Participant: 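One structure is given below, represented as structure tokens, and several questions about it will come after.
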Amino acid sequence: KNMDKRNKPFTVIIEGNIGSGKTTLLNYFSKYRDVEVLQEPVERWRNVEGHNLLSLLYNDPARWSLTFQTHVQLTMLDHHTKETSAKVKLMERSIFSGRYCFVENLHQSKLMEPAEYAVISEWFKWITKNIDVDVDLIVYLRSDPEVVHKRILQRARKEEKTVPLSYIVALHEIHEEWLHEKVSHPVPAPVLEIDANVDLVEMLKQISLVENQILNKKANKRAL
Ligand SMILES: Cc1cc2cn([C@H]3C[C@H](O)[C@@H](CO)O3)c(=O)nc2[nH]1
């Protein structure tokens, strides 16, 4: 493992279901100079040497889930290891939710073959053993499937038009078992939960109440 943690920024991963408001939270922090915000590289996933992996995934998940998740794992590794002079690094999702939520869900719903699941899991184990992908805080945007499914249809990202509620429900339950109940997979950092069912204004209010924790600003001790 890279032992040089001296310059490593306070690393926060923003986790949550599709449509739970991660981009809203990340945009809130993009105004800060000393914060490096790394959004999910969806545009990279949409154009890998001309191939739209996201579209391939949603059109034929059994055929393309390993290919898609392998590419996502690479782009997440790239974000985890990206050097920055910023004091805080905010990442949209992580190599952890890739493996523990999305790959897990595809495996459980038999959209990824056992042999494929074994291979991508070995990659994940090797990476987390040999490369420093440690994180310091997880912000979990907790939502109800019906709420985020409605948002997804309203947002109308073209590849997600046909995403069924059942897929969103499955992803919700898998996020809950990991980050709320903490019964399924290792949780790599403390979890800060935010109610993501609320509207934008209320969400921004919640974020402002926890921004010092996210920015790792020691709470100012009140003068005794
Ligand atoms: C780490 C990780 C992120 C991620 C996103 N996605 C999908 C969900 C959304 O439709 C889109 C953008 O988050 O990509 C996925 O299938 N697998 C993923 N794994």
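When a ligand or atom number is given, it counts from 1 through the structure's own listing order. The residues of the chain are indexed from 1 along the displayed sequence. Every value quoted in this text rests on a predicted model; they were computed, and no experiment measured them.
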Participant: Output all residues satisfying ring-ring contact (aromatic ring centres under 6.0 Å, His included) with Tyr100, sequence neighbours left out; order by chain, then residue number.
Facilitator: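 For Tyr100 the ring-ring contact (aromatic ring centres under 6.0 Å, His included) partners, ignoring immediate neighbours, are Phe124, Trp178, His185.
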
Participant: Carefully, step by step, assess Trp126 and Ile131 under the rule side-chain contact (heavy atoms from CB on, under 4.5 Å).
Facilitator: CA-CA 8 Å; Trp126 190 92; Ile131 299 175; 4.0 Å; yes

Participant: Below 4.0 angstrom from a heavy atom of Tyr58, which ligand 1 atoms are there? Numbered from 1 as shown, please.
Facilitator: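 Reading through ligand 1 atom by atom, the close ones are 7 (C), 8 (C), 9 (C), 10 (O).
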
Participant: Would you call Glu122 and Lys125 a salt bridge, taking side-chain N to carboxylate O under 4.0 Å as the test?
Facilitator: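 Not counted as a salt bridge, because no side-chain N and carboxylate O are separated by less than 4.0 Å.
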
Participant: If you measure every N or O of Gln69 against every N or O of ligand 1, does any of those distances drop under 3.5 Å?
Facilitator: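 Between Gln69 and ligand 1 (N or O atoms, distance only) the closest approach is under 3.5 Å.
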
Participant: Can you tell me which residue and heavy atom of the protein come closest to atom 6 (N) of ligand 1, and the distance to 0.1 Å?
Facilitator: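 Residue, atom and distance for the closest contact: Phe102 CE2, 3.8 Å.
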
Participant: Would Trp45 count as a polar contact of ligand 1, with the cut-off being nitrogen or oxygen pairs under 3.5 Å?
Facilitator: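 In this structure, Trp45 places no N or O atom under 3.5 Å from an N or O of ligand 1.
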
Participant: Considering both backbone and side-chain atoms of Ser97, is one of its nitrogen or oxygen atoms within less than 3.5 Å of a nitrogen or oxygen in ligand 1?
Facilitator: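 No, since none of the N or O atoms of Ser97 sits under 3.5 Å from an N or O of ligand 1.
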
Participant: Whether Arg142 and Glu176 form a salt bridge (side-chain N of Lys/Arg under 4.0 Å from carboxylate O of Asp/Glu) is what I want to check.
Facilitator: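 So Glu176 pairs with Arg142 through a salt bridge.
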
Participant: Any atoms of ligand 1 less than 4.0 Å from a non-hydrogen atom of Val72? List them with their elements.
Facilitator: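 So the atoms of ligand 1 that pass are 1 (C), 2 (C), 19 (N).
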
Participant: What I want to find out is whether Glu40 reaches Arg93 closely enough, with some N-O distance under 4.0 Å, to be called a salt bridge.
Facilitator: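 Salt bridge present between Glu40 and Arg93.
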
Participant: Starting from atom 13 (O) of ligand 1, which protein heavy atom do you reach first, and at what distance in Å?
Facilitator: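 Protein heavy atom at minimum distance: Glu40 OE1, 2.7 Å.
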
Participant: With a 4.0 Å cut-off on heavy atoms, is Gln73 touching ligand 1?
Facilitator: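 Gln73: no contact with ligand 1 (<4.0 Å).
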
Participant: Does ligand 1 have any atom that is closer than 4.0 Å to a heavy atom of Leu57?
Facilitator: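 Contact present.
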
Participant: Which protein heavy atom lies closest to atom 9 (C) of ligand 1, and at what distance to 0.1 Å?
Facilitator: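 Here the closest protein heavy atom is Glu160 OE2, 3.3 Å.
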
Participant: Examine Ser94 against ligand 1 and note whether any of their N/O atoms are separated by less than 3.5 Å.
Facilitator: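 So ligand 1 has no N or O lying under 3.5 Å from an N or O of Ser94.
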
Participant: Could you check atom 16 (O) of ligand 1 against the protein and tell me its nearest heavy-atom contact, residue, atom and distance included?
Facilitator: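 The closest one turns out to be Phe68 CE2, 3.4 Å.
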
Participant: By the definition side chain to side chain contact (heavy atoms under 4.5 Å, CB included), identify the one residue from His71, His79, Gln73 that meets it with Thr75.
Facilitator: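 By the side chain to side chain contact (heavy atoms under 4.5 Å, CB included) criterion, Thr75 pairs with just one of His71, His79, Gln73: His71.
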
Participant: So is Lys31 actually on top of Phe29's ring, under 6.0 Å and inside 45° of the axis?
Facilitator: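 The answer is no, since Lys31 fails at least one limit relative to Phe29.
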
Participant: Ring-plane angle category for Trp45 and Phe68, please: parallel below 30°, perpendicular beyond 60°, tilted otherwise.
Facilitator: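 Perpendicular: the ring planes of Trp45 and Phe68 meet at over 60°.
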
Participant: Name the residue from Leu54, Leu56, Val48 that meets the side chain to side chain contact (heavy atoms under 4.5 Å, CB included) definition with Asn52.
Facilitator: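 Testing Asn52 for a side chain to side chain contact (heavy atoms under 4.5 Å, CB included) against Leu54, Leu56, Val48 leaves exactly one candidate, Leu54.
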
Participant: With the threshold set at under 4.0 angstrom, would you say Glu159 reaches ligand 1 through any of its heavy atoms?
Facilitator: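 No.
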
Participant: Answer with side chain, backbone, both or neither: which part of Ile95 has a heavy atom less than 4.0 angstrom from an atom of ligand 1?
Facilitator: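 Under 4.0 Å from ligand 1, Ile95 contributes no heavy atoms.
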
